[in-house]
Amino acid sequence: MTRAYVDRDAPGGRRLALDSVSLTVAHGEFVALVGRSGSGKTTLLNVTGCLDRDFSGMLRLFGRDTSRLGDRQLSDLRNQRIGFVFQAFHLLGHLTVFQNVMLPWHFSGTSRADAESRTVDALKQVGLPDRADSFPWQLSAGERQRVAIARAILNRPSLLLCDEPTGNLDRETAASVTRIFEQIVRQSGTSVLVATHDETLAASADRIVRLVDGRLA
């Protein structure tokens, strides 16, 4: 995907965060990124998701060279083809579960009726159809993460990028979230790339990729 990346936020100046990394994720493949904190996992996800473009080399997504795409094209690519799941959930507290899941629709160009139907389906897929009218503060950590996953799959992405999605969850809840990722891969053929310290989650993946000091081990 990418050959090198320079972290602009490093104390004291620029720091090489990824060094000579070359990785391909196949359609419908579940890949776990493992490694110590600071090994480059989040950086690799950010580059892959076109959230940060400060790197040298080539990033190809769905057969397209992203260096040839403008900001609007990259934004459309992220919204329509990539879903993001984060450790901290990033739900909006003043919106209901249903409204949080529907958020990507505002940038998708699809009809409201279609988005509402997809929201219902997404909440069913993560096992929360009865929580549509609840607010995030009324949910457990596991339920909030499942809402975040439902939001990420609303537009039926080709690629799901997950950064420590079970990091704030207890073991039993983390296992239920892991099963959801497995189900998404089986049922929709979505590729999943997840950065994790969770050995159980990593073991459920089709392939484990280990990063050590910014390099593939």
Side-chain angles (χ1 to χ4, degrees), residues 1 23-49 51 78 81-91 97 100-101 103-104 118-132 134 136 138-212 216-217:
M1 287 183 177
L23 176 67
T24 299
V25 179
H27 172 73
E29 187 179 21
F30 185 178
V31 178
L33 288 173
V34 301
R36 298 174 61 180
S37 296
S39 62
K41 301 189 301 298
T42 295
T43 297
L44 183 54
L45 290 182
N46 287 342
V47 171
T48 304
L51 296 177
R78 284 193 298 267
R81 303 292 302 274
I82 304 174
F84 298 89
V85 181
F86 304 98
Q87 180 177 353
F89 318 133
H90 296 311
L91 303 180
V97 164
N100 267 284
V101 174
L103 279 174
R118 290 188 180 194
T119 299
V120 171
D121 290 342
L123 286 173
K124 287 180 180 177
Q125 192 165 351
V126 300
L128 293 176
D130 58 336
R131 293 300 238 161
S134 300
Q138 296 174 307
L139 306 178
S140 68
E143 288 173 328
R144 278 178 280 168
Q145 189 59 290
R146 284 189 278 163
V147 172
I149 294 171
R151 180 184 58 194
I153 64 175
L154 178 73
N155 288 336
R156 298 166 185 169
S158 303
L159 174 64
L160 199 59
L161 299 175
C162 312
D163 194 3
E164 298 289 355
T166 60
N168 287 333
L169 308 179
D170 60 69
R171 182 174 298 181
E172 182 177 349
T173 305
S176 68
V177 168
T178 297
R179 288 192 292 272
I180 290 173
F181 288 132
E182 293 173 327
Q183 180 185 31
I184 289 171
V185 172
R186 287 197 309 270
Q187 294 185 353
S188 64
T190 299
S191 302
V192 175
L193 181 62
V194 55
T196 184
H197 287 101
D198 185 338
E199 294 181 2
T200 301
L201 175 57
S204 69
D206 299 316
R207 178 160 55 107
I208 296 175
V209 174
R210 187 174 301 276
L211 281 169
V212 178
L216 292 181

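Not measured: the values here are computed from a predicted model.
The two residues Thr24 and Arg207 have their closest heavy-atom pair at O-NH2, 2.7 Å. What you find for His197 and Gly35 is that their closest heavy atoms are NE2-O, 3.2 Å. The heavy-atom pair separating Lys124 from Pro129 by the smallest distance is CG-CB, 4.1 Å. A pairwise comparison of heavy atoms in Val101 and Leu154 identifies O-CD2, 3.2 Å as the closest pair. Taking all atoms of both residues into account, the shortest heavy-atom contact from Pro165 to Val85 is CB-CG1, 4.1 Å. The two atoms that bring Gly83 and Pro157 nearest to each other are N-CB, 3.6 Å, heavy atoms only.
Residues Ile153 and Thr190 fail the side-chain proximity criterion, which asks for heavy atoms closer than 4.5 Å. In this structure, the side chains of Gln87 and Asp163 stay at 4.5 Å or more apart for every pair of heavy atoms. You'll find the side chain of Leu44 reaches within 4.5 Å of the side chain of Leu23, heavy atoms only. Contact check for Cys162 versus Phe181: side-chain heavy atoms found under the 4.5 Å cut-off.
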**Working for side chain to side chain contact (heavy atoms under 4.5 Å, CB included), residues Ile149 and Ile184** = CA-CA 10 Å; Ile149 294 171; Ile184 289 171; 3.9 Å; yes
**Request:** Determine, step by step, whether Thr196 and Leu33 satisfy the side chain to side chain contact (heavy atoms under 4.5 Å, CB included) criterion, reporting the C-alpha distance in whole Å, the side-chain angles of both residues, the deciding distance to 0.1 Å, and the verdict.
**Result:** CA-CA 6 Å; Thr196 184; Leu33 288 173; over 6 Å; no
**Request:** Give the intermediate values and the outcome of side chain to side chain contact (heavy atoms under 4.5 Å, CB included) for residues Asn155 and Arg118.
**Result:** CA-CA 8 Å; Asn155 288 336; Arg118 290 188 180 194; 4.1 Å; yes
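Rounded to the nearest 0.5 angstrom, Asp121 CG and Gln125 CD are separated by 8.5 Å. The CG atom of Leu169 sits 9.0 Å away from the CG atom of Asp198 when rounded to the nearest 0.5 Å. A distance of 11.0 Å separates CD of Glu199 from CG of Leu201, quoted to the nearest 0.5 Å. Taking CZ of Arg210 as the start and NZ of Lys41 as the end, the distance is 10.0 Å to the nearest 0.5 Å. Remark: Leu139 CG to Arg146 CZ distance equals 9.0 Å, nearest 0.5 Å. Here the CG-CG distance, from Leu45 to Leu193, works out to 5.5 Å after rounding to the nearest 0.5 Å.
For Asp206 (side chain) and Phe30 (main-chain N/O), a donor-acceptor pair under 3.5 Å exists by modelled atom type. Here the side chain of Arg151 pairs no donor or acceptor atom with the backbone of Asn100 at under 3.5 angstrom. At least one donor-acceptor pair under 3.5 Å links the side chain of Arg131 to the backbone N or O of Gln138. Formation of a donor-acceptor pair under 3.5 Å by the Ser140 side chain with backbone atoms of Glu143 is found in this model. In terms of modelled atom types and a separation under 3.5 Å, the side chain of Asn46 and the main chain of Leu51 share no donor-acceptor contact. Ser191 contributes a side-chain N or O that, together with a main-chain N or O of Gly28, makes up a donor-acceptor pair within less than 3.5 Å. The backbone N or O of Phe86 sits less than 3.5 Å from a side-chain atom of Gln145, completing a donor-acceptor pair.
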